[in-house]
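Scroll down for the structure; my scribbles are underneath it.
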Amino acid sequence: ISSALIQVNDKPTGTVDVELNAEGIPRYVIHENVAWDYIEMNNGTAKLISDADILCFGSLAQRSKVSGATIELLLAECKSSALIVYDINLRQKFYTREIIQKSLQLCNVLKLNEEELPVVCDLLHIKAASEEEQIAYLIEAYNLKLVAFTKGAIGSLLMTATDKSYMETPKVDVKDTVGAGDAFTAVMIINYAKGNVLKEVHQKAVEISAFVCTQDGAMPEYN
């Protein structure tokens, strides 16, 4: 991965304190006023984004007005065929209704989990009863191509306007779950972009996410 477009400023590098409970589930303390709170737009970044087939963003970096405005400008540079993934990642209290609604309007793929979906429905006043109905509402309201809904050890659901795939989570010896969601999202969107059928996309994402859970840390060696 090229480091040519990494920005340097006078703020400290971002750090996160992570504590794992007995089940390997993490709790995060994300420190503020760090370098990624001050991401700036430049010509090189705009060119990179305009050529990209896939772009992924979240809520956390938008806690800062500087980075939030830059992310919005960058998303406007995406080509019409790009897959724009909103991996919502609601952390601590670093989100608002406005951030979530604006992000949903800018993306065409959504990734969220069983803790985040109720928050989204509450903030956006979505009254649908079941989780599937809530996701179907989001797909229609925001013209989403794909929604990924993960429920930890229980299972996960991929839904489009015309198809859905539910899979139980494989039973594995969990060391920690840090990075499992990101691995799921990465494998899912790469295979979706290749045009694979939804069930196959889902199977590959589930398998790699389960593998990450059996490893220490978020970035294990892949065979």
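Residue indices begin at 1 and follow the sequence shown.
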Minimum heavy-atom separation for [X] and [Y], please, with both atom names.
X: Gly152; Y: Glu114; value: N-OE1, 3.8 Å
X: His202; Y: Ser165; value: ND1-OG, 2.8 Å
X: Cys78; Y: Ile49; value: SG-CG2, 3.7 Å

Any heavy-atom pair between the side chains of [Y] and [X] that's under 4.5 Å?
X: Leu157; Y: Lys164; value: yes
X: Ile100; Y: Leu104; value: yes
X: Ile84; Y: Leu75; value: yes
X: Lys151; Y: Glu131; value: yes
X: Leu138; Y: Leu144; value: yes
X: Val206; Y: Met167; value: yes
X: Tyr192; Y: Leu83; value: yes
X: Asp37; Y: Arg63; value: yes

Working to the nearest 0.5 Å, report the span between [atom1] of [X] and [atom2] of [Y].
X: Arg27; Y: Asn21; atom1: CZ; atom2: CG; result: 10.5 Å
X: Ile189; Y: Lys194; atom1: CD1; atom2: NZ; result: 12.5 Å
X: Glu77; Y: Leu55; atom1: CD; atom2: CG; result: 11.5 Å
X: Gln7; Y: Asn9; atom1: CD; atom2: CG; result: 7.5 Å
X: Ile71; Y: Ser59; atom1: CD1; atom2: OG; result: 9.5 Å

May I ask whether [X] and [Y] are part of the same hydrophobic cluster, defined by side-chain heavy atoms of I, L, V, M, F, W, Y residues being less than 4.5 angstrom apart, directly or through others?
X: Leu74; Y: Val109; answer: no
X: Tyr38; Y: Met41; answer: no
X: Val147; Y: Ile88; answer: yes
X: Leu73; Y: Leu106; answer: yes
X: Ile99; Y: Trp36; answer: no

Problem set entry | Audit row: Leu146, Leu198, side-chain contact (heavy atoms from CB on, under 4.5 Å) steps and yes/no | CA-CA 10 Å; Leu146 173 66; Leu198 194 66; 3.8 Å; yes
Exercise. Under the ring-ring contact (aromatic ring centres under 6.0 Å, His included) rule, what pairs show up with a residue in residues 130-151, not counting sequence neighbours?
Worked result: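 As it turns out, there is no ring-ring contact (aromatic ring centres under 6.0 Å, His included) pair with a partner in residues 130-151 once direct neighbours are skipped.
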Exercise. More than 12 heavy atoms of other residues, nucleotides or ligands under 6.0 Å from NZ of Lys204: is that the case?
Worked result: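 Result for NZ/Lys204: open.
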For this session: Show your working on side-chain contact (heavy atoms from CB on, under 4.5 Å) between Glu168 and Ile154 and close with a plain yes or no.
Result: CA-CA 6 Å; Glu168 293 184 355; Ile154 299 172; over 6 Å; no
Exercise. Given the rule in the side chain to side chain donor-acceptor pair (under 3.5 Å) test, do Thr45 and Asn42 qualify, once you have shown the distances and angles that lead to the verdict?
Worked result: CA-CA 5 Å; Thr45 305; Asn42 59 48; 2.8 Å; yes
For this session: Could you give me the CA-CA distance, side-chain angles and deciding distance for Asp17 and His31, then say whether side-chain contact (heavy atoms from CB on, under 4.5 Å) is met?
Result: CA-CA 8 Å; Asp17 297 331; His31 299 288; 3.0 Å; yes
Exercise. Relative to each other, are the rings of Phe57 and Tyr86 parallel, tilted or perpendicular (30° and 60° limits)?
Worked result: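 Taking Tyr86 first and then Phe57, their aromatic rings lie parallel (interplane angle under 30°).
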